[in-house]
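Down below is the structure, laid out as structure tokens.
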Amino acid sequence: MKSPLRLLTEPFLQFPTPTSIRVVWFTEFMGDGHAVSYGSNLLESVFTKNIRPIHLREDQQSRVGKQTADEQVYSYPVLREIWRHEAHLTDLTPGKRISYRITSIAENNELISSRTFTLEPAPLPGKPLKILLTSDHQIKPMVAANLQKVRETFKRIDAVFFAGDLVNIPDRASEWFDDNRGNAFFPCFQGRAKYVMNSDGEEKTYKGGQIIQNAPIFPCIGNHEVMGRFNTGKSLNEEFNDTIPRHVAQKLYGERTLEYNSFNTNTFEKIFSLPETDTGEKGYYAVSFGDIRLIVLYVTNMWRYPTAENSRRGKYAEPQEELNNPQNWGYGQHIYEPIAKGSTQYNWLVKELNSVEYQQAKYKIVMFHHPPHTLGDNIVPAYTDPVQIIEKDKKGNVTSVRYEYPKEKDYINRDLIPLLEKAKVQLVFYGHSHLWNRFVSPSGMHFLESSNVGNSYGAAYRDRKRSSLPDNHNDNYTKTGDPYGLKPVVPAIAPLFDENGQPLPYISSNEITVFSVFDTEQGTISSYRFDTSKPESEVIKFDEFHLTVDS
């Protein structure tokens, strides 16, 4: 009889140093022991540190097991017993790739092992690498196809730089592990997905790509890594949308369990092995990987609907029926971690940009989630603290609560980008708008958004304007183009064309998926597209540019 016990994920690699690396995997049982065997003939072994990420749950909107529609199995959020196992392999030889395999021992002494994969510690400068640049998977329809084409196009990927929004609801376990639609995060990245796409009546099943078993993934926090006020009486979707600023939560609830009453990234921090900075933060970090110094920032805010209709807490206003209930306000698109000049994160970044590791790196890359330049909708309103405007009648009753976002106070373009320009960053990589476009500043700093791997929401270009701007829209809310003055770059090799035969400087499509790869040997970043409506078509390289290295 076949045992029901299994590994919930295959192993994946985390945060290597020149002599070490972490191997991580998940099971649905605590077990009596978990270990990694590695090296020549797999004769060396390291046992694991095990934790249970306690916020992982399923709810009425999960698609897991026998639940294929809302509330078939779950009518409210239910904790799911999932265990994380991490082995820290040390004393490794730089540049030497070795075999490894994981084994979990269940409580009944049954041994469950993975297949054998390979790993190596962080490469030293000078080693040629190929880095996958991706973001905004969110269990969207084209992710499995996208990663399968990455794997078919490249024999080996050496690392993944992921610019946020890994899943849709971070506390929903099945979105990470076993969504029954076949496109959960880990299955797609480990070649175990089973996502079916239809094209002209024909079905094509995509399995994703076996990537992170052999290459480390470096993630950053997007808005979909952040959960709101912890409340098991709500659905996980409602809880996700229920974030409020920390200073508001402090007034409402005091210091007690502040993160549970405002917002938290607990599940994200438990899924991945995040290095802690000298400020004690895990949301931003810097690592050296071969010729690259990668700086990962926590630059994201709460995404809210454009209007307050249907009792929604909007970008620009609170719903009419909640005007006298400040505890139910959303407080606009509030920022989670400050990046303004003088903030803790900004000061940490200044220190990092002056570090020896940064100064000596051949390639200097900064990654965060929110776009500094884009044709996408999500760059409007400005990345700044919402200015709350409360209007009252003569009796003192609240008649409206509105929010303004002064464009000149956009923290990314006012404070962050000038700092990066001065430090001669070559590439800023980001996501959030679910499209591909790129820009170059007058100083030669490159900006790349390569997040068209799932649903795309359009590009504000030429006649297409950003949707649902506030009624009192003014210069703060740019209708079309990049709000901060850069012109999008037309792809250098094979752009798409509009109906008038004009080349388009973007890809925004629900059929064409895009991925980008950085080749450190050539200093090139190449972008590729694949048309899922034509399953037998070829992957097309449509753009390429070089990162300039100071002599």
Side-chain angles (χ1 to χ4, degrees), residues 55 164-165 169-171 220-231 234 237-269 279-284 297-308 311-319 322-347 368-370 378 380-391 398 400-407 409-412 414-416 432 470 476:
H55 284 185
D165 283 8
I169 306 295
D171 281 7
C220 84
I221 294 174
N223 54 299
H224 282 272
E225 276 65 68
V226 185
M227 287 295 292
R229 286 182 279 192
F230 190 81
N231 185 339
K234 297 182 177 181
N237 288 49
E238 291 175 301
E239 189 177 310
F240 168 76
N241 285 308
D242 192 21
T243 69
I244 61 173
R246 288 267 160 82
H247 71 273
V248 174
Q250 192 170 18
K251 289 180 180 179
L252 290 173
Y253 307 107
E255 288 291 340
R256 71 184 192 279
T257 58
L258 191 58
E259 64 180 17
Y260 291 155
N261 287 306
S262 55
F263 57 87
N264 72 84
T265 56
N266 288 339
T267 291
F268 174 79
E269 293 179 23
T279 66
E281 295 292 333
K282 290 186 176 181
Y284 47 91
L297 299 178
Y298 185 176
V299 179
T300 192
N301 58 0
M302 177 65 200
W303 185 90
R304 296 218 181 272
Y305 285 95
T307 70
S311 300
R312 288 171 170 164
R313 289 160 282 192
K315 295 180 197 286
Y316 306 108
E318 300 292 355
E322 296 290 355
L323 293 181
N324 293 307
N325 302 308
Q327 71 275 13
N328 294 334
W329 294 353
Y331 298 89
Q333 293 201 164
H334 58 91
I335 290 170
Y336 293 126
E337 181 69 27
I339 191 59
K341 188 174 183 178
S343 67
T344 301
Q345 183 176 197
Y346 182 95
N347 291 340
F368 50 84
H369 185 63
H370 196 92
N378 286 338
V380 175
Y383 192 82
T384 189
D385 293 308
V387 177
Q388 188 181 70
I389 301 167
I390 299 178
E391 296 179 346
V398 177
S400 74
V401 178
R402 297 186 293 107
Y403 299 97
E404 289 285 345
Y405 303 81
K407 184 178 171 182
K409 294 184 179 179
D410 183 287
Y411 300 136
I412 298 175
R414 188 192 72 181
D415 298 343
L416 177 57
H432 197 36
N476 287 326

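Numbering of residues begins at 1 and proceeds along the displayed sequence.
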Backbone N or O of [Y] within a donor-acceptor pair of the [X] side chain at under 3.5 Å?
X    : Y    : result
D410 : I412 : yes
N223 : T300 : no
R246 : F263 : yes
Y253 : Y260 : no
K315 : R304 : yes

Test of understanding: with side chain to side chain donor-acceptor pair (under 3.5 Å), list the residues that count as partners of [X], not counting sequence neighbours.
X    : answer
Q345 : none
E225 : none
H334 : T243

Any side-chain heavy atom of [X] within less than 4.5 Å of one from [Y]?
X    : Y    : value
T307 : R312 : no
D415 : I339 : no
Y331 : R313 : no
V401 : Q388 : yes
I244 : W329 : no

By side chain to side chain contact (heavy atoms under 4.5 Å, CB included) - contacts of E238 (at least two apart):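 E238: side chain to side chain contact (heavy atoms under 4.5 Å, CB included) contacts with K234, S235.
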
What residues, two or more places apart in sequence or in another chain, satisfy side chain to side chain contact (heavy atoms under 4.5 Å, CB included) together with N241?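 With neighbours one apart ignored, the set is M302.
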
Can R402 be said to sit on top of Y316's aromatic six-ring, NZ or CZ under 6.0 Å from centre and within 45° of the ring axis?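 Negative - R402 is either too far from the ring of Y316 or too far off its axis.
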
For the student: nearest non-hydrogen atoms of P170 and F240, plus distance: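 Smallest interatomic distance, heavy atoms only, reads CD-CD1, 4.0 Å.
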
K409 with D385: basic N within carboxylate O range, under 4.0 Å: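 Salt bridge flag = no for D385 with K409.
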
Could you list the residues that satisfy salt bridge (Lys or Arg N to Asp or Glu O under 4.0 Å) with E337, not counting sequence neighbours?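 Partners of E337 under the salt bridge (Lys or Arg N to Asp or Glu O under 4.0 Å) test: none.
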
